[in-house]
Participant: 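Structure provided below as structure tokens; questions to follow.
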Amino acid sequence: MKGPRGTQDLLPGVTEKWQYVEAKLKDLSARYNYHEIRTPIFEHTELFQRGVGDTTDIVQKEMYTFTDKGDRSITLRPEGTASVVRSFVQHKLFGLANQPTKLFYIGPMFRYERPQQGRMRQFVQFGVEALGSEDPAMDAEVIALAMNAYRELGLQSLKLVINSLGDTESRNNHRQALIDHFSPVKEELCSDCQSRLEKNPLRILDCKKDRDHPAMGTAPSILEFLNDYSRNYFEQVQAYLDAMGIAYVVDKNLVRGLDYYNHTAFEIMSDAEGFGAITTLSGGGRYNGLVQDLGGPETPGIGFALSIERLRMALEAENVELPIDQSLDCFVIALGDEAKVKAAAITEQLRQAGMQTDKDYLDRKMKAQFKAADRLKARFVLVLGEEELENNVIAVKNMESGEQENVAIDQITSYIEGII
RNA sequence: GCGAUCAUGGCGAAGUGGUUAACGCACCGGAUUGUGGUUCCGGCACGCGUGGGUUCGAUCCCCACUGGUCGCCCCA
């Protein structure tokens with residue numbers, strides 16, 4: 001038996017790394033005053049159709065959708081924002097005293113795709129959403145948080161790319177201009193671009209095959225279509241980033257795959273060696289119309305999401321060692337039947353006193369028990385044999401120094417507490 | 001969804017149309033009747049992703065399926 005395609009089991013040895021990363025992200029969120037929200041991993045299919053957008057790849061071909069026993073169309077969430085906004089509206093969080101509402105989430109997402117390194121059918125995203133503020137400083141805060149998530153874990157080779165998609169008006173005007181621009185030469189474009197023309201004309205600008213087509217150079221840029229408000233907003237976001245000392249590049253061809261984005265869009269990519277075709281670590285942007293689209297009051301929002309899998313890939317690509325303590329305080333060795341019983345009691349006593357303690361359960365020879373203790377990185381080995389039992393002591397060996405001494409059995413816990 | 005490639009013990013990795021499927025690491029035991037290392041000796045795949053087919057006979061040939069990886073698409 002194997003797990004379904006595109007899924008993975010996280011086993012002891014790596015779960016510790018995940019826990020470390022997750023704890024870091026939660027700590028980071030707390031410092032920026034973002035609070036955790038947990039939403040269901042499945043939702044009504046309609047939420048994503050309306051929220052993410054009917055024309056997106058996610059909705060058109062990547063969703064895990066099924067009908068439940070009550071004949072409802074259900075979808076495993078492919079991303080986090082739609083659910084968070086739905087919850088924000090449903091529970092009327094816009095009415096709370098503290099605004100903007102700053103939320104973070106972490107959990108599994110599902111997309112039906114052809115898996116490869118860094119692209120899973122079930123993957124874990126951490127993301128934040130700030131709802132209720134249309135301040136360029138808010139955009140900068142979210143970007144800063146995203147960058148720090150990587151920086152604080154030790155990553156160096158990062159590239160922050162930003163762009164503005166403008167407000168809805170700017171965006172739609174630009175889209176139409178692109179369609180007008182490329183339609184006359186549609187037949188000369190590659191098949192991908194011909195379908196992009198309807199779906200997502202901005203993508204054409206990114207095409208590798210049609211890079212040299214004459215229409216490329218003359219294509220209208222989004223920046224030309226930004227109205228005054230949009231242009232000014234984008235400039236202010238950059239001013240805030242500059243003030244915070246966050247380096248970025250503006251890429252006017254940066255397009256996000258989800259329909260709800262407007263104004264600020266950004267992506268963080270890894271420059272590290274050994275990254276394949278997939279270099280995007282996280283992405284986000286502003287979505288001022290989404291709350292209203294999902295039935296709430298007109299409320300601006302901005303957020304981003306990162307994949308823990310890709311974050312961990314980046315850590316490995318940059319050879320970042322996470323400071324994970326895998327040692328054990330004590331390992332108790334028993335020799336003889338009588339000692340075994342006493343050793344079990346002492347082990348339990350040490351554990352209750354807070355020591356990470358283990359013992360042998362395979363009736364191994366003393367030598368083998370020492371090897372086991374060594375493998376487990378035990379700091380102290382406690383040996384209880386017939387001699388010790390007779391004298392009511394237990395031998396305590398410091399595995400690092402090699403020193404060993406006998407300690408009275410009824411003193412053992414306080415003795416260990418004293419030296420640990 | 002399209003194209004390519006791969007699949008042998010816990011891990012890495014040889015291999016051949018035909019008696020007992022190399023080797024390395026790890027693990028277990030012994031040399032060393034109670035101390036972690038080294039060395040030496042021994043043990044460890046009724047089995048070569050799954051299911052069919054070809055054949056006197058297949059881990060090795062063919063087909064399908066499943067899964068991994070890479071590229072495209074797209075993204076996190």
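Bear in mind the structure is a predicted one, so any value in this text is a computation, not a measurement. Numbers restart at 1 for each chain; the letters A, B, ... are given by sequence-line order, proteins then strands.
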Participant: Checking all strands, does A:Ala373 fall into the base, sugar-phosphate, or nothing category for heavy-atom contacts under 4.0 angstrom?
Facilitator: nothing
Participant: Mind checking whether A:Tyr233 and A:His263 have parallel, tilted or perpendicular rings, split at 30° and 60°?
Facilitator: tilted
Participant: I'd like to know if A:Lys397 reaches the base of B:G36 with its side chain, counting only an N/O donor and acceptor under 3.5 Å.
Facilitator: yes
Participant: Is A:Lys371 close enough to B:U35 that one of its side-chain N or O atoms is under 4.0 Å from OP1 or OP2 there?
Facilitator: no
Participant: So A:Met109, base contact, sugar-phosphate only, or nothing? Heavy-atom distance under 4.0 Å.
Facilitator: nothing
Participant: Between A:Gly3 and A:Leu281, name the one whose nearest nucleotide on RNA chain B is closer to the 5' end.
Facilitator: A:Gly3
Participant: Would you say A:Arg114 places a side-chain N or O within less than 4.0 Å of OP1 or OP2 belonging to B:C74?
Facilitator: no
Participant: Once the angle between the rings of A:Phe104 and A:Phe126 is folded into 0 to 90°, is it parallel (under 30°), tilted (30 to 60°) or perpendicular (over 60°)?
Facilitator: tilted
Participant: At 4.0 Å (heavy atoms only), tell me whether A:Gln404 reaches a base, stays on the sugar-phosphate, or touches nothing.
Facilitator: base
Participant: I want to verify a distance call: between B:G67, B:C70, B:U35, whose nearest atom is closest to the A:Gln117 side chain?
Facilitator: B:C70
Participant: Roughly how far apart are A:Gln176 CD and A:Ser183 OG, rounded to 0.5 Å?
Facilitator: 8.0 Å
Participant: Report the nucleotide, chosen from B:U69, B:G36, B:A76, that has the shortest atom-to-atom distance to any side-chain atom of A:Glu113.
Facilitator: B:A76
Participant: When you measure from the side chain of A:Asp374, which nucleotide among B:G67, B:G36, B:G30 comes out closest?
Facilitator: B:G36
Participant: Would you mind telling me which of B:A76, B:U35, B:C27 lies closest to the side-chain atoms of A:Arg375?
Facilitator: B:C27
Participant: What's the closest nucleotide to the A:Gln116 side chain, out of B:G67, B:C70, B:G36?
Facilitator: B:C70
Participant: From the options B:G36, B:A76, B:C72, select the nucleotide whose nearest atom is closest to the side chain of A:Leu258.
Facilitator: B:A76
Participant: Would you mind telling me which of B:A76, B:G67, B:G34 lies closest to the side-chain atoms of A:Met366?
Facilitator: B:G34
Participant: Is NZ or CZ of A:Lys186 both nearer than 6.0 Å to the six-membered ring centre of A:Phe182 and within 45° of the ring axis?
Facilitator: no
Participant: Over all strands shown, is A:Glu387 touching base, sugar-phosphate only, or nothing at heavy-atom distances under 4.0 angstrom?
Facilitator: base
Participant: Identify, between A:Gly6 and A:Ile58, the residue whose nearest nucleotide on RNA chain B lies closer to the 5' end.
Facilitator: A:Gly6
Participant: Give a yes/no answer on whether the side chain of A:Arg364 brings an N or O atom under 4.0 Å of OP1 or OP2 in B:C28.
Facilitator: yes
Participant: Is the positively charged end of A:Arg121 above the ring of A:Tyr112, judged by distance under 6.0 angstrom from the centroid and angle within 45° of the axis?
Facilitator: yes
Participant: So which nucleotide from B:G68, B:C73, B:G29 ends up closest to the side chain of A:Arg119?
Facilitator: B:C73
Participant: Choose from B:C27, B:G34, B:U35 the nucleotide whose nearest atom is closest to any side-chain atom of A:Glu388.
Facilitator: B:G34
Participant: Would you measure the distance from the C1' atom in B:C48 across to the matching atom in B:A58 and give it in whole Å?
Facilitator: 11 Å
Participant: So A:Ala395, base contact, sugar-phosphate only, or nothing? Heavy-atom distance under 4.0 Å.
Facilitator: nothing
Participant: Base, sugar-phosphate alone, or nothing: which one does A:Glu79 contact when heavy atoms must sit under 4.0 Å apart?
Facilitator: nothing
Participant: Have a look at A:Gly402 and say if it touches a base, only the backbone sugar-phosphate, or nothing, with a 4.0 Å heavy-atom cut-off.
Facilitator: base
Participant: Select base, sugar-phosphate, or nothing to describe what A:Lys365 touches, counting heavy atoms under 4.0 Å on all strands.
Facilitator: sugar-phosphate
Participant: Please give the distance between the P atoms of B:G9 and B:C2 as a whole number of Å.
Facilitator: 30 Å
Participant: Kindly determine whether A:Glu224 and A:His174 satisfy side chain to side chain contact (heavy atoms under 4.5 Å, CB included), including the steps that lead there.
Facilitator: CA-CA 8 Å; A:Glu224 299 162 24; A:His174 178 236; over 6 Å; no
Participant: State which of B:G36, B:A76, B:G68 makes the closest approach to the side chain of A:Lys367.
Facilitator: B:G36
